Protein chains: 2
Amino acid sequence: MDMVENEAATADLELIVHGPAGSSKPETKLWLRMLSTTKLITTEIRRRLRSEFGATLPQFDLMAQLYREKDGLRLGELSKRTMVTNGNVTGLVERLEADGLLRRVTPDRDRRVTVAQLTPAGAKLFAAMAAAHEGWLRDLMADVDRSVVGGLWSDIGKVKASARNHLSGSEFE
Amino acid sequence: MDMVENEAATADLELIVHGPAGSSKPETKLWLRMLSTTKLITTEIRRRLRSEFGATLPQFDLMAQLYREKDGLRLGELSKRTMVTNGNVTGLVERLEADGLLRRVTPDRDRRVTVAQLTPAGAKLFAAMAAAHEGWLRDLMADVDRSVVGGLWSDIGKVKASARNHLSGSEFE
DNA sequence: TATTGTTATACTCTATAACTATA
DNA sequence: TATAGTTATAGAGTATAACAATA
């Protein structure tokens with residue numbers, strides 16, 4: 001990931017919708033800036049998760065939820081927290097279970113329920129991924145902050161100003 | 001998309017990596033906030049693009065690039081701008097061409113090159129999508145700004161403060 | 001030989017809906 | 001009847017690498 005490409009891609013995305021820079025509404029500009037930034041970062045994070053840990057971002061998200069809940073979570077709750085549909089949570093969980101990273105348990109009190117929880121191997125792997133992840137972010141944000149964060153700062157100010165015009169009881173400031 | 005779910009998802013993502021709120025580094029917090037926000041918005045944008053226009057977000061991105069370049073773009077350039085690999089650009093372009101939204105042309109001066117350009121139908125469809133898109137964003141940002149934008153504002157300030165400690169010649173402010 | 005695209009492959013994700021078992 | 005998950009299906013996206021045509 002290099003600086004030149006970052007800036008090029010950011011500039012492109014700013015201009016996606018309505019041509020010349022500055023012509024979009026503040027909401028749109030903020031959104032495009034966040035979209036380009038998160039795309040740059042997620043692409044790189046995904047690449048590293050895959051090459052170094054054999055994991056995907058959705059899997060990382062799911063494991064993160066379970067890591068915080070030592071007793072595990074029901075699949076429906078996992079679905080809500082990860083914003084992934086029930087049916088697709090089943091598939092995600094199956095792949096992780098096949099790798100020995102989590103297990104599924106059905107409690108006797110309600111046999112409709114399935115609770116997923118990390119195995120020791122899963123918890124260990126997640127801890128390693130999270131640690132690496134933190135370091136990656138520090139580096140990646142350092143790459144993008146000069147070109148993007150300053151712009152975000154400015155865009156957010158405009159969205160806030162714009163929001164004051166049609167929101168009552170604003171919680172800003 | 002409702003407010004309660006937005007806030008829940010945001011809160012969850014903030015806590016993904018290191019447990020209690022506030023324990024993560026500023027870069028990580030900003031990143032998690034942007035990730036949760038963009039995920040909420042992209043999910044909804046993708047849903048509406050599909051149901052109202054039969055398009056995907058990558059297709060929208062690609063068409064946006066071509067919309068700005070009436071003479072078209074070489075596939076390699078399209079690949080760079082959309083951050084999609086060459087091989088996958090071929091697939092994207094093929095699907096759009098099959099729908100009559102763009103055409104591929106090979107210039108005589110260099111027969112290795114393929115230039116893609118929107119057809120009139122493609123330009124018309126993109127204009128309609130972009131207009132709708134702008135309205136969707138205004139609504140969606142209004143939904144999330146109270147809970148998220150204020151937090152972004154605060155997080156960015158911390159990243160900037162943190163960056164001042166290891167960047168020379170900062171372009172902030 | 002280097003460049004531009006294409007093809008091939010394998011997996012994963014996403015969306016939708018029908019279905020099963022349990023309550 | 002309602003709820004929790006599972007299964008089925010179809011389409012797209014993503015990553016990698018080998019390949020063909022042209023320069």
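Naming convention: chains lettered A, B, ... in sequence-line order (proteins, then strands); numbering from 1 in each chain. Because the structure is a prediction, the values reported are computed rather than measured.
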Distance, rounded to the nearest Å, where [X] contributes [atom1] and [N] contributes [atom2]:
| X | N | atom1 | atom2 | answer |
| --- | --- | --- | --- | --- |
| B/Leu92 | D/dA15 | CG | P | 12 Å |
| B/Asn86 | D/dA17 | CG | C1' | 13 Å |
| A/Asn88 | D/dG11 | CG | C1' | 13 Å |
| B/Met83 | D/dG13 | CE | C1' | 15 Å |
| B/Arg50 | D/dA10 | CZ | P | 15 Å |

A/Val84 backbone acceptor or donor facing A/Ser79 side chain under 3.5 Å
yes
Members other than A/Val105 in its cluster, when Ile, Leu, Val, Met, Phe, Trp, Tyr link by side-chain heavy atoms under 4.5 Å?
none
Reading DNA chain C from 5' onward, which residue's closest nucleotide shows up sooner: A/Gln59 or B/Gly76?
B/Gly76
When A/Thr56 and B/Val115 are each assigned the nearest nucleotide of DNA chain C, the 5'-most assignment goes to B/Val115
Over all strands shown, is B/Arg74 touching base, sugar-phosphate only, or nothing at heavy-atom distances under 4.0 angstrom?
sugar-phosphate
Checking all strands, does A/Thr114 fall into the base, sugar-phosphate, or nothing category for heavy-atom contacts under 4.0 angstrom?
sugar-phosphate
For B/Ala121, check side chain to side chain contact (heavy atoms under 4.5 Å, CB included) against everything at least two apart and list the hits.
B/Thr119
Anything under 3.5 Å between a protein N or O and an N or O of nucleotides 19-21 of chain D, put it in a table, one pair a line.
none

Please pick, from D/dT6, D/dA15, D/dA23, the nucleotide with the shortest atom-to-atom distance to any side-chain atom of B/Asp110.
D/dA23
Residues in salt bridge (Lys or Arg N to Asp or Glu O under 4.0 Å) with A/Glu97, at least two apart?
A/Arg104
At a heavy-atom distance below 4.0 Å, which nucleotide of DNA chain C is the first touched by chain B, and which is the last?
C/dT3 to C/dA15
Under a 4.0 Å heavy-atom cut-off, which of residues 94-104 of chain B touch DNA chain C?
B/Glu94, B/Arg104
Under 4.0 Å between a Lys/Arg side-chain N and an Asp/Glu carboxylate O for B/Arg48 and B/Glu44?
yes
